[in-house]
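For reference, the structure discussed in these notes is given below.
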Amino acid sequence: MEDLWLQTVSILSATLRTATPLVFAAMAGMFSERSGTIDIGLEGKMLAGAFAAACVAVVTGSAWLALLGAILVGIMMGLLHGLACITYRGNQVVSGVAINIMAAGLTVVLGNAWFGRGGQTPDLAPDARFMTLRPPGWEYAYDIPIIGPVYAFVIGGHNLLVYIAFAAVPIGWWVLYHTRFGLRLRAVGEDPKVVDTAGISVTWLRYRAVIIAGILCGFAGAYLSIAQNAAFSPHMTAGRGFIALAAMVFGKWRPWPAMFACLLFGLLDAIAIRLQGVNFPGIGQVPVEAIQALPYILTVVLLAGFVGRAMAPHALGQPYVKER
Amino acid sequence: MSAASQAALPRWVDIGLMPIVNLIQALLVAGLVVLIIGVNPIDAMRIMAWGAVYDSVAISYTLYYATDFVFTGLAVAVAFHAGLFNIGGEGQAYVAGLGATLAILLLDAYLPGILLIPLGLMAAMVFGAGWAFIPAYLQAYRGSHIVITTIMFNFIAASLMVYIGSDLLRPPGDMLPSSREFGDAAHLPHVHELAALLGLKMPSTPLNLSILWAAACCVFVWIFIWRTRWGYAIRAVGLSPKAAVYAGISPQRVILIAMCLSGALAAGVALNQIIGYHHRLLLDFVAGAGFTGIAVALMGRNHPIGIVLSAVLFGALYQGGAELAFEIPTITRDMIVAMQGLVILFSGALAYMNRPWIARVYAMFNRRAILAEAT
Amino acid sequence: AEPAVVYDAGGKFDKSFNEAAYNGIEKFKKETGSNYLEFEVQADAQREQAFRKMAQRGADPIIGIGFSQESAIKKVAPEFPDIRFVIIDSVVDLPNVQSIVFKEQEGSYLVGVLAALASKTGKVGFVGGMDIPLISRFQCGYSQGAKAANPNVDVLANMTGTTPAAWNDPTRGAELAKGQFDRGVDVVFAAAGGTGTGVYQAAKDAGKLAIGVDSNQNHLQPGTMLTSMLKRVDVAVYETAKAAKESTWKPGVTVLGLAEGGVDWALDEHNKTLITDDMKAKVEAAKADIISGKVKVHDYMSDNSCPI
Amino acid sequence: MPAQPVGNAESPSAATRPAAIELRGIDKSFGAVHANKNVSLTIAKSSIHGIIGENGAGKSTLMSILYGFYTADAGEILINGKPVKIHGSHDAIAAGIGMVHQHFMLVEPFTVLENVMLGAEDGVLLRGGAGKARAELERLARDYGLNVDPDAHISDLPVGEQQRVEILKALFRHCDILILDEPTGVLTPQETDQLFQILRALNARGVTIVLITHKLREILAITDTVSVMRQGEMVATLPTKQATREHLAELMVGRKVRLELDKTKATPGEVRLSVRNLTVVDAKGVKRVDDVGFDLRAGEILGIAGVSGNGQSELLEALSGIRPLSSGGITLCDLEVSPDAPYGPAVVREYGLAHVPEDRLRLGVVTAFPAWESVVLGYHDDEEYNGRILMDRDAMTNACGKLMERFDVRPRDPELRCGNFSGGNQQKLILAREIARQPKVLVVGQPTRGVDIGAIEFIHRQLLALRDAGCAILLVSVELDEVMSLSDRILVMFQGRIVGEVDGDEADERTLGLMMANAHAQADEAA
Ligand SMILES: Nc1ncnc2c1ncn2[C@@H]1O[C@H](COP(=O)(O)OP(=O)(O)OP(=O)(O)O)[C@@H](O)[C@H]1O
Ligand SMILES: Nc1ncnc2c1ncn2[C@@H]1O[C@H](COP(=O)(O)OP(=O)(O)OP(=O)(O)O)[C@@H](O)[C@H]1O
Ligand SMILES: [Mg+2]
Ligand SMILES: [Mg+2]
């Protein structure tokens, strides 16, 4: 019983940890797509961010500079996406795919060239990372039944970026629905013509959106390489960018639902990890792959309109052209 | 911008010059990267180019890789002609491998290769098409964005195959999650084996007969898209859905046809890798060929001939890249992945960036030419 | 002729299995001064090409690290009958191939003993890499050792995954370790290649103990690395290269256990403070018993099952 | 163009007041289309200035340029006497110009309040601005009777109210020049009158109003001055007092060389197409075609006149199977069509109906196809173009060559991409394709839009020849004299309904013009 509760607590705290990069990336995708620019490139931007963070951390030994580096790289990738999609009105999906593939290749090439180890970066010292923050008196709390562990491991016991991620959701929501920028952003995603005739620059609005997306992807990447782990390893995003995309779609392009989708997917992952190769008396092994595929299946089901319609921003994917 | 990009250029510029310009741009950026990591780009280039062709082994490997890319390139292209972006080639090829494997595991004890291999291929195509059908159906009748659904299906396929590979097909006590080895009847002959029959001595390489299937697919796609009424319908929908509806063509049906064909083409990878080389279901045997297909199709301008050319180019990059990795350890094969990304970026996403200035340059030369004639 | 090494997907700097091989061949290089060729496999299609290439360059012997090389060597070795091939962790029955396998269960048994002795909570953990019989062999030996040292110790075990990616997923490794710590584990043994680094990191972050594998990994996280289960791939590689050079090389299967010094536990300046004399005495005793045959450690792969 | 009597003469009433807006030599082309040709226009301060013109005359373009949505290729703009550079809408807004677009510029899923605030939020945060906006909206509602629920979502509002939001948007930005582009096109007569009251109220407070419309009645009802545009040119500006319906209609349509067609009396045969209580409701739930019924007989041309946007397009689409019926039925030869018996363009073709669409470029051809491929569009399944598996290229190219020959398409090159043919030649190509098969019924939309005189005549002859060959032809066109010179009978459509039928020979511009502008509706309303 006690053990079961500990299990649950452990899974919950793991859920938060695994959901964090998803939340960052999902928010990134939301900002980009709410402005009408499809963002398939989350994965790539996250990966590049993770690599940048690890490199800077190795060189400077400062977690904060590393985070900054990740953000800058994220922004650069975002600007590239903007250049292709907004300025040159290229195919947004193609651009995203290009970014993913480039990131996958370049990170390993550079990493291997700079550090050897087949693309892995050297391990980081604690002060080059965002370490777990223990809530005051957690070790005593541990002994308090039920709530104790919750306090120690679910509420507390995470690194700074985790809290930033979950702060990003209300902030993102507030920006989107309570600021001028947000109003215009939502408008440009629905109908750029309207925004244009209202005397607002469509281009600049959309650029800001992809830049924000870049920043958030930087956070996501940094979390992977210098908070959750102590090094960058090749392809370490392992499809999280696409799960985040799925979560955003699942959340119908809205902050809170997207966050809950991330938590759900995080939970699934946390459970899947723990079930891997564990034999249950009688049942034997559970096919973990099924649980791992669940996020994608759920998203498809949603897209198919079987559980409510996912309404994408109306102008999503269409470059803004005045004169036909 | 629109004016410039609408300026009509002759076809040879569009389908001949542009891709080359894109390639050069990609090569330049890649060269820059190589320079950054302290290797002389010229040397790297030389090693790669040489490594791709220096002897029959290298050439065979180049072609062996190219075979996959022809399949996936065609798959992407066919979807493109219907105005669809099929990112799911990877997953479709992967599941196709399962189809081939199941068919062969069931029958390799009973049938001769002459029957077994075609059956395997057919099963592969059915599975590949089936895996493409679901997203197609959802797009056509439920309006789900096919890009997202095909991405999701890549991941679903991955999980599915891991489960099947490790939990269902893996022989007990075997380390790798893979099926048992196929019986000899199921081995698609390698080119060097045939050469041996003809008395030619060729080193043993993975290059196998699936290259003929690739050629057949090219011819088929070319005929199907440009010579049949179905191809006509596909192109009409792709170029102008409204006109297609006016013409009484059902976009829904076209989407289904195009995507299923796309999946069936991607299945060729299973023929080359599973039946042609590994002779067993291996995890991740597609190894990114599905995504390379996007670059190949973009560079090949969605035409079989262009696709063959760019597929061979990428095959050479892969083979040359392996050589490069041998010669210069600081450069890993991932350089090629980066190259792919750059090609997709320049020939796809940034296509409109080049058009204006190329148009201008072209106009300039044109004027020159005209003046020259005048005098 | 100079020897060649073909590393497995983990890469020669995985701080573990492949790195051990790397150390071995480096040692050989230092001692004999003769150079060597090497290649890190990144895709299955490359393996065969790599071996053939090495052979064409006249490398001898050609040492394949890891069972994944099996099929490639099966294909290439017959083409070059007068070149000597070596495969580690798997058996290829060809006249010009030497197969080297280890009794991982014995080494695992020893670290199992240490884990049980070091654990205060009476719960020890195991994190495996890819879910394959070979790793189950580690797990089974480890559990036997732990139970032998403390019959009512709990062993919590997790596998990282079912694909080769499981060898190189520190994130998951850390997650699994954290999961076990949350459930009271205070000593964890990772037999997971590159994934292990994540486990050790997690142990360090949580102030728990971890046990390394293959190479001596005590230096990775000094102070929280209880010990390492040594699988002397370095020795194997060194020996076979040397044997080839001195033409005492013989094909066939070589099994390296405790007796042959093929597996062992690591004690160095990084962990000596963690190992009490009593622990040391107990584990050395167990070692002696195994060598003398007084204790038989069950091999999972002999019947694909574990008594515990 | 023959110069107009009134020319660009300044009207005295306007001259007395200073100019709010002055446009000089505005010129604008979209690719091959020359939308505005050296247009000059002066609009007096706090006057109501009307601009009329046929479809495609260039009205919207001109206003969009004034509002900074498009930038002119040439010409200058003066506001209140000062030359201003208008690079974007923000400049126009800053200059006090507001515009109610022909196609509303509203964000559908947004609320009224959000739409009004967009671009004029007053501060980085919405809260403060929102409060002020609410208050302002209430004030405007009081002052002008512009009542809308600020929290209603646009998608839930009827078009009439949506338009109010557009006006509110403009007023909220304190515009003193308000442009309305065909505001009444979508309104019921009642809504129209409300709108006009509002406009008068605004005008009384000194707001200059520019009103674009096709409807003579509205011009006469509300404007002080009226300008007429035709084919991108400003052909006249005159005080409304001096203007008569007939005169304006004439200016609008222009004295085109009346084509003397040797048109024989029609000999109508059996009914080929019979439409009963046909109603078509669009996706937005708006009734586009409203209880329309008529019979079309073999060997006659039935013309449908009307200002575009009054349901003709939807009627065409319904008849040709592109758009589903909502209620009523169609009988095409021996094919019975009803809402629940779905049919499509392919079926319709089988039963012998050919369709020349209004939207030539997007429907009629696939611009990227070469001529020979577009020439089989819709007939690509015919055995004459298909072998057992492959399509018969030669057959198609030959057919294309023949048709180009017969219809004098230039350049006579089957390989040329359709997009690269001129408008007129594209049209000939499409006509050729549809006529070639001796259809039982031919439905034609805007057969000569943007086509030069020579081609017009040619096309008209072809249509007549087809009629005499016994084909039943339904002709929809906004070109009055085209309808008149071709049709044996003429139906006039207004707001989806058929408001009158005239015999071809008795029809004259005046009566038709009045019907199209729905002068009768006034009478109805009065009653
Ligand atoms: N964005 C555009 N791109 C290309 N051509 C255009 C564009 N907008 C208008 N045109 C063309 O310019 C010409 C004038 O169009 P405009 O909309 O100004 O006419 P209009 O008088 O407003 O007609 P209507 O009464 O139907 O609104 C038409 O031939 C139209 O096809
Ligand atoms: N996008 C284009 N690309 C290449 N050539 C074009 C393009 N558009 C038009 N042309 C060519 O330019 C010439 C003039 O085109 P345009 O449409 O202005 O003719 P037009 O004067 O309108 O004749 P018509 O009265 O028949 O429409 C045509 O012969 C056509 O072949
Ligand atoms: Mg207009
Ligand atoms: Mg024209």
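Since the model is a prediction, treat every value here as computed from it, not as a measurement. Naming convention: chains lettered A, B, ... in sequence-line order (proteins, then strands); numbering from 1 in each chain.
Looking only at side-chain heavy atoms (C-beta outward), A/M102 and A/L47 stay at 4.5 Å or farther from each other. Residues B/H81 and B/V78 form no side-chain contact, since every pair of their non-hydrogen atoms from C-beta on lies 4.5 Å or further apart.
Annotation: residues 237-245 of chain A contacts chain B through A/G239, A/F242, A/L245 [non-hydrogen atoms, separation under 4.5 Å]. Scanning residues 317-328 of chain B against chain A with a 4.5 Å heavy-atom cutoff picks out nothing at all.
Annotation: maximal heavy-atom pairing with chain B below 4.5 Å, among A/G90, A/A98, A/P287, occurs at A/A98. Interface check for chain B: of the options A/L106, A/V93, A/I38, A/L80, the most heavy-atom pairs under 4.5 Å are formed by A/V93.
Panel note: side chain A/R89, backbone A/Y320; a donor-acceptor pair is recorded below 3.5 Å. Side chain of B/Y94 to main chain of B/N154: no donor-acceptor pair is present (N/O by atom type, distance under 3.5 Å, no hydrogens or angles). At distances below 3.5 Å, at least one donor-acceptor pair connects side-chain atoms of B/W131 with backbone N or O atoms of B/F153. Side-chain N or O atoms of B/D334 include none that pairs as donor or acceptor with a backbone N or O of B/V337 at under 3.5 Å. With B/E90 contributing its side chain and B/G288 its backbone, the two residues share a donor-acceptor pair below 3.5 Å. No donor-acceptor pair closer than 3.5 Å links the side chain of A/H81 to the backbone N or O of A/I211. In terms of modelled atom types and a separation under 3.5 Å, the side chain of B/S347 and the main chain of B/V343 share a donor-acceptor contact. No donor-acceptor distance shorter than 3.5 angstrom exists from the side chain of A/S32 to the backbone of A/G29, with no hydrogens or angles considered. Between the side chain of A/S225 and the main chain of A/A50, a donor-acceptor pair closer than 3.5 Å is present. The backbone N or O of B/A258 sits nowhere less than 3.5 Å from a side-chain atom of B/S262 that would complete a donor-acceptor pair.
For a residue to count as touching a neighbouring chain, one of its non-hydrogen atoms must lie under 4.5 Å from one of that chain's; by this rule A/L294 does not touch chain B. In this structure, the portion of B/I87 lying under 4.5 Å from any heavy atom of chain A is its side chain and not its backbone. Residue contact with chain B, scored on non-hydrogen atoms closer than 4.5 Å, is absent for A/I99. There is no contact between A/L316 and chain B, counting heavy-atom distances below 4.5 Å. For B/L345, the parts lying under 4.5 angstrom from a heavy atom of chain A are both the backbone and the side chain. Using a 4.5 Å cut-off between heavy atoms, B/F346 makes no contact with chain A at all. No part of B/I336 comes within reach of chain A, as not one of its non-hydrogen atoms sits under 4.5 angstrom from that chain. Contact of B/I294 with chain A is made through the side chain alone, with heavy-atom distances under 4.5 Å.
Residues passing the ring pair (Phe, Tyr, Trp, His ring centres under 6.0 Å) test with B/F85, sequence neighbours excluded: B/F80. Residues passing the ring pair (Phe, Tyr, Trp, His ring centres under 6.0 Å) test with B/F291: none are found, sequence neighbours excluded.
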